[in-house]
Amino acid sequence: MATKDVKNEYAFEGTTLNGFLMLFVNLLLTFGSIGIGIWMGIEEVYSVLVMAIVLFIVSLFIWGGFLELEPNEARVLLFFGKYKGTFTRTGFYWVNPFITAKKLSLRARNLDAEPIKVNDKTGNPVMIGLMLVWKLKDTYKAMFEIDSQTIAGDPAKNGQVVVGSNVAGVMQAFENFVKIQSDAALREVAGKYAYDDDDDDKNAITLRDGGSEINQQLEQKLDERLSMAGIEVVEARINYLAYAPEIAAVMLRRQQASAIISAREKIVEGAVSMVKMALDKLAADSVVTLDDEKKAAMVSNLMVVLCGDDSAQPVVNAGI
């Protein structure tokens with residue numbers, strides 16, 4: 001699904017003028033043409049009146065050329081459908097009023113995706129969610145490589161947002177695209193790994209302990225899917241991981257059993273070490289001489305005491 005990283009975006013190189021200067025000039029032109037038109041109408045100098053009307057119409061066109069950009073905003077400029085470049089200079093400017101400016105935000109955005117149910121490598125259903133930080137990197141791809149010209153809104157409200165009229169609506173289109181692609185990437189990555197125990201390979205990376213390796217793969221898959229829309233992945237990581245509710249109780253008992261077995265192994269290993277140390281110490285200090293039968297009985301008693309869950313209840317032989 002990866003696409004070639006061809007950058008079609010370039011900076012706008014057309015004529016741009018200071019917006020405040022043009023605002024002052026156009027105010028003079030607008031009100032001056034109105035004043036001259038009224039005066040010439042009273043004086044019945046119709047040739048000058050026609051010129052004043054023309055100047056007034058020109059001033060109306062000039063009003064459509066003003067651009068105001070905040071930091072990390074961009075305008076994709078089109079001249080009768082032809083891409084003329086991306087304007088990113090912060091401030092107040094004036095450009096050709098026949099150029100259409102479509103608004104985009106280059107600021108970083110968060111996506112905290114709701115956990116989705118997927119099957120891991122071993123077929124167990126798990127709930128997994130991700131946190132994603134992304135931003136627009138290539139405005140040309142963002143506007144023209146995916147269908148973001150018109151965003152279908154709520155069908156019940158018959159709502160539609162057209163690109164260029166509302167930045168929030170435009171970015172909502174990209175958020176929807178990112179959400180769908182992130183779900184697909186998350187399913188793909190989660191299906192390659194077991195949740196916490198791979199029966200085929202005990203040393204394999206799992207979702208629970210994979211950490212940075214899993215997040216790196218997730219980020220790579222997201223980059224492949226989102227690069228076609230000119231979107232850069234700043235950070236991606238799994239922020240929620242759990243068994244699906246229908247098997248959570250069974251898997252909890254399994255984990256508890258594994259923990260008990262591991263604890264028992266440690267207890268037995270320690271008990272054997274202590275029994276061996278006791279026998280060696282008794283023999284080295286010549287405290288008592290034990291034959292094999294007495295050693296076996298002593299080992300049995302010590303193992304019961306050391307490995308038992310309950311406290312030992314000693315029986316004292318009083319010799320009666």
Side-chain angles (χ1 to χ4, degrees), residues 1-7 108-138 141-142 145-148 151-152 155 171-262 265:
M1 189 173 176
T3 58
K4 294 183 179 179
D5 190 13
V6 179
K7 190 173 180 65
R109 289 176 174 255
N110 281 326
L111 172 65
D112 187 6
E114 290 290 331
I116 59 175
K117 184 186 294 187
V118 302
N119 290 332
D120 68 358
K121 181 181 178 181
T122 58
N124 293 321
V126 299
M127 301 297 295
I128 186 169
L130 65 81
M131 187 282 296
L132 174 65
V133 181
W134 61 276
K135 63 180 180 179
L136 292 183
K137 182 180 180 181
D138 190 321
K141 288 183 178 180
E145 294 295 335
I146 63 172
D147 186 11
S148 60
I151 308 120
M171 299 311 297
Q172 183 62 45
F174 297 123
E175 286 182 2
N176 292 337
F177 180 82
V178 170
K179 185 179 184 304
I180 293 172
Q181 294 301 323
S182 63
D183 282 357
L186 189 58
R187 291 180 186 278
E188 183 178 355
V189 172
K192 293 181 178 180
Y193 301 95
Y195 177 86
D196 63 352
D197 188 13
D198 191 343
D199 297 331
D200 298 331
D201 185 359
K202 297 298 182 182
N203 297 321
I205 298 174
T206 62
L207 293 173
R208 192 174 68 173
D209 61 15
S212 59
E213 292 88 351
I214 300 295
N215 292 334
Q216 185 177 0
Q217 277 225 25
L218 179 61
E219 189 171 329
Q220 179 183 349
K221 294 298 181 183
L222 285 167
D223 267 328
E224 292 176 1
R225 292 175 175 273
L226 298 179
S227 61
M228 64 177 292
I231 295 173
E232 177 186 8
V233 177
V234 179
E235 181 188 3
R237 59 183 174 86
I238 294 174
N239 66 346
Y240 182 89
L241 183 64
Y243 280 113
E246 58 265 28
I247 66 167
V250 176
M251 289 303 177
L252 178 60
R253 290 199 294 270
R254 175 188 173 187
Q255 291 175 355
Q256 290 173 338
S258 298
I260 292 172
I261 292 172
S262 298
E265 289 177 352

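Using a 4.5 Å cut-off on side-chain heavy atoms (C-beta onward), E175 and W134 make contact. Side-chain contact check for V126 versus Y195: some heavy-atom pair is nearer than 4.5 Å.
From E188, atom CD reaches atom CG of L218 across 10.0 Å, with rounding to the nearest 0.5 Å. In this structure, CG in N239 is found 5.0 Å from CG in D112, a value given to the nearest 0.5 Å. Note that the CD1 atom of I128 and the CG atom of D120 stand 9.5 Å from one another [nearest 0.5 Å]. Rounding to the nearest 0.5 Å gives a distance of 12.0 Å between CD1 of I231 and CD of E145. We find the OH-NZ distance between Y193 and K121 to be 9.0 Å, quoted to the nearest 0.5 Å. For the atom pair Q217 CD and K221 NZ, the distance stands at 6.5 Å (nearest 0.5 Å).
With respect to D183 and K179, a salt bridge is recorded, a charged nitrogen being found less than 4.0 Å from a carboxylate O.
With sequence neighbours left out, the side chain to side chain contact (heavy atoms under 4.5 Å, CB included) criterion links I180 to no other residue. Not counting sequence neighbours, the partners of K117 by the side chain to side chain contact (heavy atoms under 4.5 Å, CB included) test are P125, M127, A244, E246.
Across all non-hydrogen atoms, the minimal contact from A108 to V133 is CB-CG1, 4.3 Å. Smallest separation of non-hydrogen atoms from L130 and S182: CD2-O, 3.8 Å. Minimum heavy-atom separation, F177 to A229: CE2-CB, 3.6 Å. Of all heavy-atom pairs between G230 and K141, the closest is N-CB, 3.6 Å. Residues L222 and A236 come closest through the heavy atom pair CD1-CB, 3.6 Å.
Between the side chains of Q172 and N176, at least one donor N or O lies within less than 3.5 Å of an accepting N or O.
Annotation for Q216: atom CD does not count as buried by contact number, only 12 or fewer foreign heavy atoms lying within 6.0 Å.
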Report the C-alpha separation of L226 and V233 in whole Å, then their side-chain angles, then the decisive distance to 0.1 Å, and conclude whether the side-chain contact (heavy atoms from CB on, under 4.5 Å) test is met. CA-CA 8 Å; L226 298 179; V233 177; 3.8 Å; yes

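When atom types are taken as modelled, the side chain of N119 and the backbone of G191 share no donor-acceptor pair closer than 3.5 angstrom.
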